[in-house]
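A short write-up of the structure that comes next.
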Protein chains: 2
Amino acid sequence: MGNFKIGELAAAAGVGRDTIRYYERMGLLREPARTAAGYRLYDATDLERVNFIRSARELGFTLEQARQLLALRASDTAHAQAVLDITLAKIADAEARLERLSDIRDMLRMLADECPGEVPVSDCPILAFLTARRKDQQHNKKHQAAQDERSPRAKGVLS
Amino acid sequence: MGNFKIGELAAAAGVGRDTIRYYERMGLLREPARTAAGYRLYDATDLERVNFIRSARELGFTLEQARQLLALRASDTAHAQAVLDITLAKIADAEARLERLSDIRDMLRMLADECPGEVPVSDCPILAFLTARRKDQQHNKKHQAAQDERSPRAKGVLS
DNA sequence: CTTGACCCTGGACCATGGTCCAACCGGCAT
DNA sequence: ATGCCGGTTGGACCATGGTCCAGGGTCAAG
């Protein structure tokens, strides 16, 4: 049955060869069969697996979550609730990001609206804001981080 | 006039000592004066600068953009338009992210709504979707990336 | 037989914004 | 003089998801 080499798998899935090897290293793909020369040999189920991972990535799942989803899919005792839980966490995460980001956008928009380009920088309200804004530091602690820079120490937020 | 050492500056700005040294290495802070023993000596303008950078970060600006904004602020020939341009680019970037992310959230929410937890994973519509969805790959090329994983090769989007 | 396209491995490197480390020195109190 | 806190340096390391490279081996075509 149609075995293919890594380049073929990669092309079929629309990723680079290195990505395939990376997924293997990360434990997302099984260690494939090899030819006598050591070439990796894949089959349709591997392609399907890579496709699954790519789909998950496109929906914002991390590789780690993709790994969990694959494990759940392979389980015959798990029920859909586990998948739903991961998905709900991802939704909550997306919503938190959306809120933070739209707050930032609103703030930037306000500042941009106030800024008449044709003045010297010394009269720029955006710079003035950046320069002055340090009092509201304390009470703004709820939205302290910027954008999507989830701090390395912000663990557990998603999954 | 009140000079302070790195730990004092860091505490006053609410960051770590290493962050101050990092900003210095990145060219965001000037190389400070030193005591005979080599200790860095800062003054109020340095604190103000760190505060500016932190404010910019909180609004989603990168350190590189913060550097640009500081340069503009220091210029006596630049006009506010340059600052506005950076800000408008940031807004556009935020809006693009918001759209992608809310599309993803909607998709996830749809899937979650369809999923009755109490079935075996083999009947999970979320997994089914992830498994099947590879045909729409081609025409979905407009929103190909996930979430905030701006690909390393996506340069020029912001700034 | 040679060329070119493919494959192998292990490891370095990219961006981002820091954080932490060892190994050392300075300065003050007890 | 001993402890302790804080300063110095250069460099490694964190997460994330790959990407690229050198220095080989393999395989089919011409």
Side-chain angles (χ1 to χ4, degrees), chain A residues 3-11 13-29 31-42 50 53-54 56-67 93 144-159, chain B residues 3-11 13-29 31-42 50 53-54 56-67 93 144-159:
Chain A
N3 288 338
F4 25 97
K5 302 202 285 299
I6 195 169
E8 294 161 343
L9 174 60
V15 303
R17 295 179 208 35
D18 284 341
T19 300
I20 302 295
R21 286 190 279 249
Y22 177 70
Y23 286 175
E24 180 184 330
R25 273 207 307 291
M26 292 298 107
L28 288 156
L29 299 178
E31 302 196 2
R34 301 286 187 137
T35 66
Y39 289 16
R40 288 172 178 78
L41 279 186
Y42 297 99
V50 176
I53 296 165
R54 295 270 80 185
R57 292 278 303 121
E58 279 162 27
L59 281 182
F61 292 104
T62 63
L63 289 183
E64 173 55 25
Q65 288 167 332
R67 218 176 48 64
D93 178 51
Q144 88 286 40
Q147 202 127 323
D148 54 357
E149 343 289 350
R150 54 280 229 189
S151 57
R153 278 308 183 238
K155 52 205 171 199
V157 173
L158 57 141
S159 162
Chain B
N3 289 339
F4 24 98
K5 302 203 284 300
I6 195 170
E8 293 160 345
L9 173 60
V15 302
R17 291 178 252 294
D18 284 340
T19 300
I20 302 294
R21 287 191 277 248
Y22 177 70
Y23 287 174
E24 181 184 330
R25 273 207 307 291
M26 294 297 108
L28 288 155
L29 299 178
E31 303 196 1
R34 303 285 189 138
T35 67
Y39 289 16
R40 288 171 178 79
L41 279 186
Y42 297 99
V50 177
I53 296 165
R54 299 272 49 172
R57 292 277 303 122
E58 279 162 26
L59 281 182
F61 292 104
T62 63
L63 289 184
E64 172 55 25
Q65 288 166 333
R67 217 176 48 63
D93 179 52
Q144 88 286 41
Q147 202 128 324
D148 54 355
E149 343 290 350
R150 33 63 180 103
S151 57
R153 277 307 182 239
K155 51 205 169 198
V157 174
L158 58 141
S159 160

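Throughout, protein chains are lettered first and strands after them, A, B, ... in sequence-line order, and every chain is numbered starting at 1.
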Angle between the end axes of the helix from C/dC1-D/dG30 to C/dT30-D/dA1, five pairs per end, to the nearest 10 degrees?
30°

Taking the basic N atoms (NZ, or NE/NH1/NH2) and the acidic carboxylate oxygens, is any pair closer than 4.0 Å for B/R21 and B/E24?
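No salt bridge links B/R21 with B/E24.
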
With a 4.5 Å cut-off on side-chain heavy atoms, are A/V50 and A/R54 touching?
yes

Any side-chain heavy-atom pair from A/I53 and A/L29 closer than 4.5 angstrom?
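Sidechains of A/L29 and A/I53: in contact.
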
Rounding to a whole Å, what distance do you find between [X]:[atom1] and [N]:[atom2]?
X: B/F61; N: C/dG17; atom1: CZ; atom2: P; answer: 13 Å
X: B/R57; N: C/dT16; atom1: CZ; atom2: P; answer: 11 Å
X: B/L29; N: C/dG17; atom1: CG; atom2: P; answer: 14 Å
X: A/D93; N: D/dT16; atom1: CG; atom2: P; answer: 12 Å
X: B/Y23; N: C/dT19; atom1: OH; atom2: C1'; answer: 12 Å
X: A/E64; N: D/dT16; atom1: CD; atom2: C1'; answer: 12 Å
X: B/M26; N: C/dG18; atom1: CE; atom2: C1'; answer: 10 Å
X: B/I20; N: C/dT19; atom1: CD1; atom2: C1'; answer: 14 Å

To the closest 0.5 Å, what do you measure between CE (A/M26) and OG1 (A/T19)?
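A/M26 atom CE to A/T19 atom OG1 measures 11.5 Å (nearest 0.5 Å).
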
So which heavy atom on A/A66 is nearest to which on A/A56, and how close?
CB-CB, 4.1 Å

Can B/L63 and B/Y23 be said to form a side chain to side chain contact (heavy atoms under 4.5 Å, CB included), step by step?
CA-CA 9 Å; B/L63 289 184; B/Y23 287 174; 3.8 Å; yes

So, using side-chain contact (heavy atoms from CB on, under 4.5 Å) as the criterion, who are the partners of A/F4 when residues are at least two apart?
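By the side-chain contact (heavy atoms from CB on, under 4.5 Å) rule, A/F4 matches A/E8, A/L9, A/Y42, A/L47.
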
Report the C-alpha distance between A/R34 and A/R40 in whole Å, list the side-chain angles of each, state the deciding distance to 0.1 Å, and finish with yes or no for side chain to side chain contact (heavy atoms under 4.5 Å, CB included).
CA-CA 5 Å; A/R34 301 286 187 137; A/R40 288 172 178 78; 3.6 Å; yes

Please list, pair by pair, any protein nitrogen or oxygen found under 3.5 Å from a nitrogen or oxygen in nucleotides 4-13 of chain C.
from  : atom 1 : to    : atom 2 : distance (Å)
C/dC7 : OP1    : A/G7  : N      : 2.8
C/dC7 : OP2    : A/R17 : NE     : 3.0
C/dC8 : OP1    : A/R40 : N      : 2.7
C/dC8 : OP1    : A/R40 : NH1    : 3.0
C/dC8 : OP2    : A/R21 : NH1    : 2.6
C/dC8 : OP2    : A/R40 : NH1    : 3.4
C/dC8 : O3'    : A/R34 : NH1    : 3.4
C/dT9 : OP1    : A/R34 : NH1    : 3.3
C/dT9 : OP1    : A/R34 : NH2    : 3.0
C/dT9 : OP2    : A/R40 : NH1    : 2.8
C/dT9 : OP2    : A/R40 : NH2    : 2.7

Across the strands shown, which category fits B/R67 at heavy-atom distances under 4.0 angstrom: base, sugar-phosphate, nothing?
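No contact at all - B/R67 keeps every heavy atom at 4.0 Å or more from the nucleic acid.
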
First encountered from the 5' end of DNA chain D, between A/I53 and A/A36
A/I53

Taking the nucleotide of DNA chain D with the closest heavy atom to each, which residue, A/T35 or A/T19, is nearer the 5' end?
A/T19

